[in-house]
Amino acid sequence: APPVQGHDEL
Amino acid sequence: MNLFRLLGDLSHLASILVLLHKIQTSRSCRGISFKTQALYVAVFVARYLDLFWRYISLYNSAMKVFFIGSSCYILYLMKYRYRPTNDPSIDTFRIEYLLVPCAILSLIFNYNFMPTEILWSFSIFLESVAILPQLFMLQRTGEAEAITTHYLAALGIYRALYIPNWIYRYFTEGVIDPIAVTAGIVQTGLYLDFFYVYFTKVLQGQKFELPA
């Protein structure tokens, strides 16, 4: 599954 | 972090500094849509409040604080200090046509059905269309001060740079964020007309004027 890994983008 | 994203973020930062510069030096917020600025506050608050529970880097946190703080400050300038120069009669876009669909979309498309993730999706969708009241106002008045167009150009370039950033991340990290990518492509698309006039007129030293 895609990026709940952090939302590291602004 | 890659160069595209860094330059994109710096362009975003620059756009806000240009807007603040325009307001402070002309002592006026003429030509700026209050509705668009208010939508940006909603976007930043909805997305960046994770500041309090998710630490990514000092860079990330500092930018979040800056974007929330500066967007609120711009609203304050427009609503209080330079209120007489703000003309609501030309800022007529109905923002409920943006807020309601974005709220519905965020309930359908999110990575996890929980308040923080729904708010994140909502902010991504809302950001993609938050510029519409401003572009609508530009369309209505048919012209803009050069500095206002520099603000919009920097904002558009920020979004455009996120696209190569996603392509780069796909190939180097194997990550893909379908919600952010879809909304980001839509958002960049909204700037295409503006970019055309900006690059063919303003950067050639002419006035920003839309064909009648």
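Reminder, nothing fancy here: chain letters follow the sequence lines and each chain counts from 1.
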Exercise. Where on B:Tyr55 is there a heavy atom nearer than 4.5 Å to chain A: the side chain, the backbone, both, or neither?
Worked result: neither

For this session: Decide if the gap between the ring center of B:Trp166 and the ring center of B:Phe4 is smaller than 6.0 angstrom.
Result: no

Exercise. Is the ring centre of B:Phe44 less than 6.0 Å from the ring centre of B:His12?
Worked result: yes

For this session: Ignoring hydrogens and angles, state whether a donor on the side chain of B:Asp9 or B:Tyr162 is under 3.5 Å from an acceptor on the partner side chain.
Result: yes

Problem set entry | B:Phe208 and B:Phe194 aromatic centres sub-6.0 Å | yes

Exercise. Using non-hydrogen atoms only, which part of B:Asn165 is less than 4.5 Å away from chain A: side chain, backbone, both, or neither?
Worked result: side chain

Seminar exercise, completed: Honestly, the part of B:Tyr48 sitting under 4.5 Å from a heavy atom of chain A is side chain

